[in-house]
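As a basis for the values below, the full set of heavy atoms in this structure was taken, side chains included, without hydrogen atoms, waters or symmetry mates. So that the names make sense, note that chain A is the first sequence line, chain B the second, and so on, each numbered from 1.
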Amino acid sequence: MTRYNPREAEPKWQAAWAEAGVDAAADPTQSDREKYYVLEMFPYPSGRIHVGHSRNYTMGDVVARYKRAKGFDVLHPMGWDAFGLPAENAARERGVHPRDWTLENIRVMRGQLQRLGLAIDWTREIATCEPDYYKHQQAIFLKLFERGLVVRKKAKVNWDPVDQTVLANEQVVDGRGWRSGAIVVQRELDQWFFKITDYADELLEGIETLDRWPDKVRLMQKNWIGKSRGARILFPFVEKDDARRFGCEGIEVFTTRPDTLFGASFLALAPDHAVTNALGAEDPSVESFQDYCRRTGVSEEEIEKAPKRGLDLGVKVRHPFDKDWELPVWTANFVLSTYGTGAIFGSPAGDQRDLDFARKYDLPVTPVVLPPNADPKTHKITDEAYTGDGTLYNSRFLDGLTTAEGIDRAIAKLEEVGLGEGATTYRLRDWLVSRQRYWGCPIPIIHCDNCGVVPVQEELLPVRLPDDVRFDKPGNPLDRHDGWRHVDCPECGAPARRETDTLDTFVCSSWYFLRFTSPWREDIPFDPEVAKAWMPVDQYVGGIEHAILHLLYARFFTRALRDAGLIDLPSGEPFAGLFTQGMVTHRTYRSDDGRWLGPNEVEERDGQTVEIATNKTVSVGQLEKMSKSKKNVVDLDAFIEDFGADAARWFVLSDSPPERDVEYTAEGVDGVWRFIQRVWALCDGHPQGAPSPSADVPACDGADLELRRTVHRAVKDVSDAIEGFRFNSAVASIHELVNEIRRHKGEGDAAIAARSEALGLMARLISPFMPHLAESCWERIGGEGLVATQGWPDYDPALITADSVTLPVQVNGKRRGEIVVARGAPSDAVEATALAEAGVARSLEGLTVRKVIVVPDRIVNIVAG
RNA sequence: GCGGGCGUGGCGGAAUUGGUAGACGCAAGGGACUUAAAAUCCCUCGGCCGCAAGGUCAUGCCGGUUCGAUCCCGGCCGCCCGCACCA
C-alpha cells in the first residue's frame with residue numbers, strides 16, 4: 001500500500017497530456033462535432049497566482065473537461081490582459097520597464113496555471129501588450145473611426161497637478177490624488193470616445209435574449225443603460241435679450257412627467273449648465289455658488305449629505321402652454337449636467353426633491369395628480385410628494401385624464417405648439433477610451449495643423465510603443481518622447497504629431513475572445529469563418545465586478561464589428577452563457593501596530609493567535625477576499641508543493657455554491673488531503689488482475705447490485721450537477737460514492753467485477769475536478785489509455801430506478817412510519833399497506849380516517865380526526 | 001432613497017416541479033490500533049423529554065393558502081450587493 005504523491009503524479013500526467021495533445025482545439029470549420037467555447041475572464045498579470053484566483057480557472061476547466069468528454073470540440077484558451085497602470089507604477093517605484101515587469105509576471109503566472117493542470121490550449125496564448133495583438137486593435141479602431149463610431153470631444157477628467165496625470169475615479173481619495181496627495185482638479189481635455197450610445201437600444205433589447213446570464217447582471221446592465229421615456233420641452237425666455245445673451249431661445253428640459261406641467265413652479269439648471277456658466281462669468285454670486293457645488297462634488301459622502309441648495313438666476317421663462325405664465329429659473333446642486341439636458345422643471349407636488357427645494361425657497365406647490373380615492377377638496381401636499389399615478393386636476397385641458405393619458409396628451413400638445421416633443425434619454429454615456437498613459441495601446445492617429453485629425457494608414461500599423469521611455473518625471477512619457485511623437489502628416493507631408501493618448505484596457509478585453517479563435521492570423525484580427533464557427537462563447541466565467549463595464553463594452557464591440565462586416569454574428573451577443581463566481585476568502589490578521597500579517601506568519605498557541613516572529617498576540621480580523629494588500633493569500637505554488645494541484649482544485653469547489661464565496665481554512669485542506677488518500681487507497685487496494693474497469697459486469701445481486709445502483713446513480717447526479725454549475729453538489733455526490741465503495745466488501749468474481757466498474761466510473765467522474773488523481777487511479781486499476789481521452793460515462797437507466805420504493809407515511813402531516821412497496825404500485829394497494837403499518841396504526845388509534853392522499857412513489861398522507 | 005438578493009445545526013451548506021428537513025464536508029466528543037504520538041479505522045453529533053421504544057419543538061419573526069410549506073402569498077425584522085439627487 002502506497003501513499004498518493006501528487007508531486008510525482010502531477011508532472012507525469014501533465015507531460016502525458018501534452019504528449020497526447022489532448023488540449024489542442026480542433027478546427028471547427030473542418031469538424032462535424034458540436035463546438036463548445038468555454039472561457040474564463042483572462043487575468044491581469046499582476047505577479048503571482050494565489051489559491052483565490054484558481055477558483056475561476058478551475059470552474060472553467062471542469063466545464064471544459066466535461067464537455068470534451070461529452071464529445072464536443074472544446075475551445076479553452078488563455079491569455080493576458082497585459083496593459084495597465086500597475087506596470088507603470090512598478091516602473092516608477094522600482095525602475096523596471098513596464099514591458100519587462102509584465103512579461104516576467106506572465107512567465108511566472110503561466111507556469112502556475114500550467115501546474116494547476118488546466119486543459120488549456122496554450123498554443124493560442126495571447127498578451128494584449130504585444131504588437132501582434134494591438135496592431136489589430138489599432139486596425140479595428142480605424143475601422144470604427146471610418147464608420148463614425150469614434151469621436152473626439154471634450155470631457156472632464158480628474159487631473160493631478162503634481163503627478164501631471166489623469167486619475168481614474170478610484171484613484172481620487174477624499175479629493176486628493178492617491179499617490180501625490182495633491183488636490184485633484186477637474187480639467188476639460190479633448191478625449192476619444194466610442195459611441196456606445198448609438199447601440200443603447202440594441203444593447204438593452206439584447207439583454208432579454210441572454211437567458212443563460214444571471215438575472216442580477218442583466219438587471220445591472222439594464223439600470224446602467226437607464227432608458228427613460230418622456231418629453232423634451234422648451235421653456236422660451238421672457239426677455240428677448242436673454243435669447244441673444246445665451247445663444248438659445250430658451251431652456252430645454254427633459255422630463256418623464258410632462259403630465260405634471262401645470263404643477264410647474266420653477267426651472268432648475270445644473271451648476272455647470274451653459275446658461276449658468278454664462279451668468280457665472282458676469283455675476284460673482286453665481287460664480288461662488290458654482291464653486292460651492294464643485295467643492296461638494298468631490299466626496300461622495302458629502303454629496304449624499306448635502307442639503308438641496310439653489311440660487312435664483314434672475315432669468316424668467318414662459319410656460320409652454322400659457323404665454324402669460326412666467327417661471328423663475330434657478331440653478332440647483334441636485335441637477336446633473338450629464339443627464340437629460342442638464343435642466344429640469346420643478347413640479348414640487350409630484351417629486352420629492354422638487355418639493356424639498358420648493359419648501360426651502362418658498363416656491364409655489366400646486367398638486368396636479370389626485371391619488372385614487374382621494375378627495376380633490378381635501379387632498380394636500382405638505383412634506384411628502386405624491387409620485388404615484390392618479391387623475392389629473394388643476395391642469396386645464398388635462399383635467400380628468402389618467403397619468404398615462406396625460407403624458408400622451410401633453411406631448412401631443414407640445415408638438416402642436418412647437419415647444420417640445422416625445423423623447424427618450426439614457427443614463428448610458430459614450431465610452432471614454434483616452435488614457436493619458438504610456439502602457440496601453442497607442443491610438444493610431446496623427447494630428448496635423450493643416451489636415452486636422454488624420455488616421456495612420458493601415459499598412460503602417462502597428463504604431464509601436466517606443467521602448468526607450470523614462471518614468472523619472474511626472475506625466476505621460478509619450479508626450480516627452482520627441483523622436484516618437486514627431487512625424488510627417490500622411491496627407492500633406494507637413495510636420496505633425498502623433499496622438500499620445502493610449503486606449504483604455506477595456507478595449508483590449510472587448511475582442512480578445514475573437515482573437516482566440518485564430519490567434520495566428522497576422523493579416524487580420526481574426527479569421528471570420530473560424531470566428532463564426534466558434535462564436536458565441538458558450539460559457540463565460542468571471543467575477544461579478546465585471547458585471548457592467550467589461551460585459552457591456554464587449555457586447556457593444558461585437559455589434560460594432562458585426563456592422564463593420566468583420567464578423568458574422570447576427571445577435572451581436574458575444575457570451576451566450578455567463579457565470580459569475582464567488583471569491584475565496586481568508587481570515588485576516590493584524591498586529592498591534594497595524595501591520596497586516598500573512599497566514600504563515602501567525603500560529604495558534606493556547607487558543608491565542610500570535611505572531612511567530614514577535615510572540616505577540618495578533619487580532620484576528622474579518623473574512624476578506626484573498627488579496628495581496630491584506631496579505632491573506634495562500635500562494636498557489638506553495639500550496640501545490642504541499643498538497644498538489646488536485647487538492648487546490650477540489651478545495652475551491654467544495655462546500656460552497658460556486659456563485660458564493662468560499663472560506664479557505666487549513667482544516668478544510670486537511671479534509672481534502674484525507675479524501676485524496678482515501679480515493680487512492682481504494683484503487684491501490686484493488687486486486688491486480690481484476691477485470692478491466694470498462695469490462696461488462698456479470699449479473700449480480702445483493703450488495704454487488706446495490707453498489708452498481710449507487711455508482712450509476714452517481715453518474716447521473718454528477719453529470720446533472722456539472723451541467724447546472726453546482727460543483728459543490730457534484731463534490732458531495734462523489735463523496736457519497738466513495739463512501740459506498742468503501743463500505744462494499746466481498747471477494748467473489750461478481751463483487752470484484754462490480755468494484756472494478758465502480759472504481760473506473762469513480763475515476764472518470766473525478767477527472768474534471770482532480771484530473772491527475774483520476775489518471776493515477778485509472779492506471780492502477782488497469783484502465784486503458786488516459787482518462788482524459790475517455791468519453792463521459794453513461795449510466796444504465798435500469799440501474800437507477802429500483803423495483804421497490806420506500807414511502808414515508810404521514811398522519812396529519814407528521815411522519816409516522818414508512819412502507820416498502822413495488823414501484824408504481826396501485827394507490828389502493830399502497831393505501832392498504834400504509835394503514836396496516838404498525839406505527840401508523842398506533843397513531844390512528846381512536847381517530848377516524850377521513851382521507852388518504854397517495855402521491856405515487858413519493859409519499860402517503862392520512863388525514864384523520 | 002431606488003432596485004435586487006439572502007436568512008436552515010457549533011460552521012460551510014443539501015433538499016432543482018409544494019411531498020421523509022439537516023445529504024456531503026468541517027469542527028467537536030467517545031472508542032480501536034499503538035510503549036506513545038502521528039496516520040488510519042469505528043461510533044455519536046439540531047433543541048427538549050425519555051433507560052429505551054418513542055414523543056415533541058424546530059428552516060429569522062407573525063399570519064395565510066394547502067392533506068402537506070425551507071419552497072407559494074401578505075406583513076415585519078436582520079444581513080448582503082448594485083445604483084445613487086436620473087428629472
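Nucleotides B:C24 and B:U44 are separated by 12 Å at their P atoms, to the nearest Å. Separating the C1' atom of B:G9 from that of B:C41 is a span of 26 Å, rounded to the nearest Å. Rounded to the nearest Å, the gap between the C1' atom of B:U17 and that of B:C77 is 31 Å. Nucleotides B:G10 and B:C81 place their C1' atoms 27 Å apart, quoted to the nearest Å. Spacing of C1' atoms, B:G18 relative to B:U65, comes out at 12 Å, to the nearest Å. B:A69 and B:A14 have their P atoms separated by 23 Å, given to the nearest Å.
A residue-by-residue look at A:N223 and A:S656 shows that A:N223 has its nearest nucleotide of RNA chain B further toward the 5' end.
Across all strands shown, B:U35 forms no Watson-Crick or G-U wobble pair with both key distances under 3.5 Å. Pair assignment for B:C2: B:G82, on the basis of Watson-Crick or G-U wobble contacts that are both within less than 3.5 Å. Within the shown strands, B:C43 is the pairing partner of B:G29 under the Watson-Crick or G-U definition, both distances less than 3.5 Å. The base-pairing partner of B:A15, taking Watson-Crick or G-U wobble contacts with both distances under 3.5 Å, does not exist among the strands shown.
In this structure, A:R353 reaches the B:C86 phosphate: one of its side-chain N or O atoms is under 4.0 Å from OP1 or OP2. Between A:R816 and B:U20 there is no side-chain N or O to OP1 or OP2 distance below 4.0 Å. Considering only side-chain N and O atoms, A:R815 lies nowhere under 4.0 angstrom from the phosphate OP1 or OP2 of B:G55. Proximity of A:R427 to the phosphate of B:A84: a side-chain N or O atom is located under 4.0 Å from OP1 or OP2. Using a 4.0 Å cut-off, some side-chain N or O of A:R742 falls inside it from OP1 or OP2 of B:C41.
B:A87 atom C1' lies 18 Å from atom NZ of A:K227, rounded to whole Å. If you measure from atom CG of A:L549 to atom C1' of B:G82, you get 13 Å, rounded to the nearest angstrom.
Backbone-only engagement by A:L219 is indicated by non-hydrogen atom pairs under 4.0 Å involving sugar-phosphate atoms exclusively. If you check every strand for non-hydrogen atoms under 4.0 Å, A:V855 touches a base. Residue A:N861 is classed as a base contact, given a heavy-atom separation below 4.0 Å to a base. Here A:V253 lies out of heavy-atom contact (under 4.0 Å) with every strand.
Glycosidic conformation at B:G50 (O4'-C1'-N9-C4 for purines, O4'-C1'-N1-C2 for pyrimidines): anti, more than 90° from 0.
Around NZ of A:K625, the count of heavy atoms belonging to other residues, nucleotides or ligands within 6.0 Å does not exceed 12. More than 12 heavy atoms of other shown residues, nucleotides or ligands fall within 6.0 angstrom of atom CZ in A:R823.
A donor-acceptor contact under 3.5 Å is not formed by the side chain of A:K216 with the base of B:C81.
For the pair A:R427 and A:W224, the cation-pi test (distance below 6.0 Å, angle within 45°) is passed. Stacking of A:K308 on the aromatic ring of A:F334 is recorded, both the 6.0 Å distance cut-off and the 45° axial limit being met. Both tests do not hold together for A:R309 against A:F289: distance to the six-membered ring centre under 6.0 Å, angle to the ring axis within 45°.
A salt bridge links A:D720 to A:K716: one of the charged nitrogens lies within less than 4.0 Å of a carboxylate oxygen. A salt bridge is absent between A:E740 and A:R713; no separation between the charged side-chain nitrogens and carboxylate oxygens falls under 4.0 Å.
Only at 4.0 angstrom or more do the heavy atoms of residues 824-832 of chain A sit from any atom of RNA chain B, so none qualifies.
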Checklist entry - Should A:F651 and A:Y664 be marked as a ring pair (Phe, Tyr, Trp, His ring centres under 6.0 Å) after you check the CA-CA gap, both sets of side-chain angles, and the distance that decides it? => result CA-CA 8 Å; A:F651 179 86; A:Y664 182 95; 5.2 Å; yes
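Nearest nucleotide to the side chain of A:K308, out of B:C85, B:A39, B:A87: B:C85. Taking the side chain of A:L336 as heavy atoms from C-beta on, and the options B:U20, B:C86, B:G54, the nearest nucleotide is B:C86. Candidate nucleotides B:A87, B:G13, B:G19 were compared by shortest atom distance to the side chain of A:T256, and B:A87 ranks first.
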Listing time: all N or O pairs from protein to nucleotides 22-26 of chain B that are below 3.5 Å?
residue: B:A23; atom: O2'; partner: A:E736; partner atom: OE2; Å: 2.8
residue: B:G25; atom: OP1; partner: A:N739; partner atom: ND2; Å: 3.3
residue: B:C26; atom: OP1; partner: A:R674; partner atom: NH2; Å: 3.2

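The aromatic rings of A:F643 and A:W673 sit perpendicular, their planes meeting at an angle over 60°, well past the 30° parallel limit. Classification of the A:H546-A:F506 ring pair by plane angle, with boundaries at 30° and 60°, yields perpendicular.
The side-chain hydrogen bond (donor to acceptor under 3.5 Å, both in side chains) contacts involving residues 648-658 of chain A comprise A:D61-A:R649, where partners must be two or more places apart or lie in separate chains.
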